[in-house]
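Predicted model only: the values in this text are computed from it and were never measured.
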Amino acid sequence: MKIALDAMGGDFAPQAAVDGAVLAAQELAGKAQIVLIGQESAVRPLLEQHGDAAATLELVPASQIIEMGEHPAKAYQQKQDSSIAVGYRMLHAGEVEAFCSAGNTGAMLVGAMFSVKPVPGVLRPAIANFVPKLHGGMGILLDVGANAECKPEMLEQFGELGSLYAQYVLGISNPKVGLMNLGEEEGKGTTLTQAVHQLLKVNPHVNFIGNIEGRDLFNEKADVIVCDGYTGNVMLKMAESVYDIMAEKQIRDPFFDKFNYEAVGGSPILGINDNAIIGHGVSTPVAICNMLLQGYQMAQSGISDQIKNTFKS
């Protein structure tokens with residue numbers, strides 16, 4: 001198994017990418033090979049600094065970089081030898097089983113849509129993120145930014161995509177699906193959430209438990225939390241700020257440590273034909289390592305095949 005990493009993506013690339021890849025290679029201990037994609041002149045010296053620890057890492061040259069501030073679609077189309085474009089070509093060709101990047105989020109989404117493409121039947125892929133639960137384990141929240149405005153059928157599919165990930169990657173049997181709303185009652189919410197509630201209520205592929213509220217994000221009420229990308233992104237950024245505030249006040253707690261983006265490392269794009277993960281722009285080596293380990297877990301679980309089989313039927 002090979003897991004690819006955009007070595008040029010992120011505010012601290014390529015140093016953080018290389019250091020994180022070395023950490024991941026040690027964690028995986030031969031179960032998968034890490035493939036770095038990037039400018040050889042920048043990456044090769046960093047690999048050499050790690051000596052034998054980097055011996056198993058493979059380097060695939062890519063001469064161009066899609067910068068954080070560039071227009072995603074335009075840059076992806078014009079820079080076909082960028083680390084993101086090369087990574088997606090390798091993923092599409094089956095040369096790697098997962099592709100991870102802490103680079104330009106928009107370019108990662110564009111690459112997913114135009115290279116490996118959405119699974120037939122999926123209206124719009126979603127970016128998922130993970131929420132720690134008070135009594136252990138993790139839940140999944142989607143969408144967190146790919147689709148700011150949604151149709152009811154899209155959110156219904158997010159419930160299905162999240163359920164499949166929760167089941168096959170997180171190991172949660174019969175995951176509970178909740179719709180984020182401003183009240184628990186069925187008739188509460190906007191025109192959109194009311195319509196989504198009716199769709200999820202009769203969907204045989206999900207264990208829908210009804211509406212949930214913001215206070216239910218970290219309790220055991222739902223394993224899969226469905227919302228539009230606008231709402232999800234606001235909740236995600238607020239949760240991240242809680243960790244930052246506690247760190248600034250020098251308050252340490254094992255539960256709130258899980259709010260740190262480094263703990264998971266990245267957000268998978270669900271609903272595409274392969275495994276792709278978007279990392280935080282400020283990813284550290286620890287975050288890069290955890291993103292690669294998540295890519296390995298996704299590939300090992302066969303989640304993309306499970307999604308394809310579900311939507312095929």
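- For Ala17 against Ala7, the heavy-atom pair with the smallest separation is CB-O, 3.5 Å.
- Checked against salt bridge (Lys or Arg N to Asp or Glu O under 4.0 Å), Lys133 has no partners two or more places apart in sequence or in another chain.
- Among all heavy-atom pairs drawn from Gln294 and Gly266, the shortest one is NE2-O, 3.1 Å.
- In this structure, the side chain of Glu97 does not engage the main chain of Ala299 through any donor-acceptor pair within 3.5 Å.
- A donor-acceptor contact shorter than 3.5 Å links the side chain of Thr193 to the backbone of Thr190.
- Looking at heavy atoms from C-beta onward, Glu160 lies out of side-chain contact with Ser163 at the 4.5 angstrom threshold.
- Across every non-hydrogen atom of Gly159 and Val224, the tightest pair is O-CG1, 4.3 Å.
- If you look at Phe208 and His197, their ring centroids are closer than 6.0 Å.
- Residues Ser304 and Asp274 bring no donor and acceptor atom of their side chains to less than 3.5 Å of each other.
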Report all side-chain donor-acceptor pairs from residues 169-178 shorter than 3.5 Å, counting only partners two or more places apart or in another chain.
residue: Lys176; atom: NZ; partner: Glu220; partner atom: O; Å: 2.7

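- Here salt bridge (Lys or Arg N to Asp or Glu O under 4.0 Å) pairs that include residues 178-190, with residues two or more places apart or in two chains, are Glu184-Lys221, Glu185-Lys188, Glu186-Lys201.
- With hydrogens and angles ignored, the 3.5 Å screen pairs a side-chain donor or acceptor of Asn233 with a backbone N or O of Val144.
- Applying the side-chain contact (heavy atoms from CB on, under 4.5 Å) test to Ala25 and every residue at least two apart in sequence or in another chain returns Ile34, Thr56, Leu57.
- The environment of CD in Glu149 is sparse: at most 12 heavy-atom neighbours from other residues, nucleotides or ligands sit within 6.0 Å.
- Residues Met298 and Tyr168 are not in side-chain contact: their nearest non-hydrogen atoms beyond the backbone lie 4.5 Å or more apart.
- In the hydrophobic cluster analysis, where Ile, Leu, Val, Met, Phe, Trp and Tyr join through side-chain heavy atoms closer than 4.5 angstrom, Met238 is grouped apart from Leu134.
- Applying the salt bridge (Lys or Arg N to Asp or Glu O under 4.0 Å) rule to pairs touching residues 235-255 yields Arg252-Asp257, sequence neighbours excluded.
- Proximity of Ile225 to Leu217: side-chain heavy atoms (C-beta onward) are separated by under 4.5 Å at one or more points.
- Checked against Val226 for a side chain to side chain contact (heavy atoms under 4.5 Å, CB included), the options Leu161, Leu179, Thr231 give a single hit: Leu179.
- Asp81 places a side-chain N or O within 3.5 Å of a backbone atom of Ser63 that can act as its donor or acceptor partner.
- The OH atom of Tyr76 sits 8.5 Å away from the CD1 atom of Ile84 when rounded to the nearest 0.5 Å.
- Using modelled atom types, no side-chain atom of Gln157 and backbone atom of Ala126 make a donor-acceptor pair closer than 3.5 Å.
- Side-chain heavy atoms closer than 4.5 Å link hydrophobic residues (I, L, V, M, F, W, Y) into clusters, and following such links, even through other members, never connects Met291 to Val286.
- Rounded to the nearest 0.5 angstrom, Met113 CE and Ile269 CD1 are separated by 10.0 Å.
- The side-chain contact (heavy atoms from CB on, under 4.5 Å) search around Phe218 returns Val131, Pro132, Ala239, Phe255, Phe259, not counting sequence neighbours.
- With Asn273 contributing its side chain and Pro118 its backbone, the two residues share a donor-acceptor pair below 3.5 Å.
- Rounded to the nearest 0.5 Å, atoms CD (Glu153) and CG (Leu199) are 5.5 Å apart.
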### Stepwise side-chain contact (heavy atoms from CB on, under 4.5 Å) test for Ile245 and Ile251
CA-CA 9 Å; Ile245 291 168; Ile251 301 171; over 6 Å; no

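- Checking Asp19 against His50 by side-chain atom types alone, a donor-acceptor pair falls below 3.5 Å.
- Within the 3.5 Å criterion, the main-chain N or O of Val282 finds a donor-acceptor partner in the side chain of Tyr261.
- Counting all heavy atoms, side chain and backbone alike, Ile127 lies closest to Ser267 at CG2-CB, 3.5 Å.
- Here CZ of Arg124 is found 13.0 Å from CD1 of Ile272. Values are rounded to the nearest 0.5 Å.
- In this structure, Asn275 and Pro268 have side chains that are not in contact, with every pair of non-hydrogen atoms separated by 4.5 Å or more.
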### Query
Under the side-chain contact (heavy atoms from CB on, under 4.5 Å) criterion, do His92 and Lys117 qualify, and how do the steps go?
CA-CA 9 Å; His92 181 61; Lys117 294 184 171 58; 5.8 Å; no

### Message
Could you walk me through whether Met1 and Lys31 satisfy the side-chain contact (heavy atoms from CB on, under 4.5 Å) test, starting with their C-alpha distance in whole Å, then the side-chain angles of each, then the deciding distance to 0.1 Å, before giving a yes or no?
### Response
CA-CA 7 Å; Met1 184 185 294; Lys31 289 183 281 190; over 6 Å; no

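- Of the residues Ile3, Leu23, Leu28, the one that meets the side chain to side chain contact (heavy atoms under 4.5 Å, CB included) test with Leu293 is Leu28.
- The residues Arg215 and Glu213 are annotated as salt-bridged, a charged nitrogen and a carboxylate oxygen being separated by less than 4.0 angstrom.
- Linking Ile, Leu, Val, Met, Phe, Trp and Tyr residues whenever their side-chain heavy atoms come within less than 4.5 Å leaves Val35 and Tyr296 in two separate clusters.
- Note: Cys100 SG to Leu5 CG = 6.5 Å, rounded to the nearest 0.5 Å.
- Leu142 has its side chain out of reach of Asn129: every pair of non-hydrogen atoms, C-beta onward, lies at least 4.5 Å apart.
- Smallest separation of non-hydrogen atoms from Gly87 and Ile37: CA-CD1, 3.4 Å.
- Hydrophobic clustering, with ILVMFWY side chains joined whenever heavy atoms are under 4.5 angstrom apart, groups Leu200 together with Phe158.
- For Lys151, the NZ atom sits in a loose shell: 12 or fewer heavy atoms of surrounding residues, nucleotides or ligands are nearer than 6.0 Å.
- Using a cut-off of 4.0 Å between Lys/Arg side-chain N and Asp/Glu carboxylate O, Glu70 and Lys79 are scored as salt-bridged.
- A donor-acceptor contact under 3.5 angstrom links the side chains of Asn203 and Glu156, judged on distance only.
- Residues Tyr165 and Met154 fall within the same hydrophobic cluster, defined by Ile, Leu, Val, Met, Phe, Trp and Tyr side chains chained together at heavy-atom separations under 4.5 Å.
- In this structure, Phe99 has its ring center under 6.0 Å from that of Tyr88.
- Although no hydrogens or angles enter the test, the distance criterion places no donor-acceptor pair under 3.5 Å between the side chain of Asn147 and the main chain of Cys150.
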### Task
Would you check, one step at a time, whether the test side-chain contact (heavy atoms from CB on, under 4.5 Å) holds for Val264 with Met138?
CA-CA 10 Å; Val264 174; Met138 299 288 273; 3.7 Å; yes

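- Met235 contributes atom CE, which lies 4.0 Å from atom CE of Met180 (distance to the nearest 0.5 angstrom).
- Arg89 has its side chain within reach of Gln80: a pair of non-hydrogen atoms, C-beta onward, lies under 4.5 Å apart.
- A donor-acceptor contact shorter than 3.5 Å links the side chain of Asn104 to the backbone of Met68.
- Between the side chain of Gln250 and the backbone N or O of Met246 there is no donor-acceptor pair closer than 3.5 Å.
- Across all non-hydrogen atoms, the minimal contact from Ile140 to Gly162 is CG2-O, 3.8 Å.
- With a 4.5 Å cut-off on side-chain heavy atoms, Lys312 and Val119 do not count as touching.
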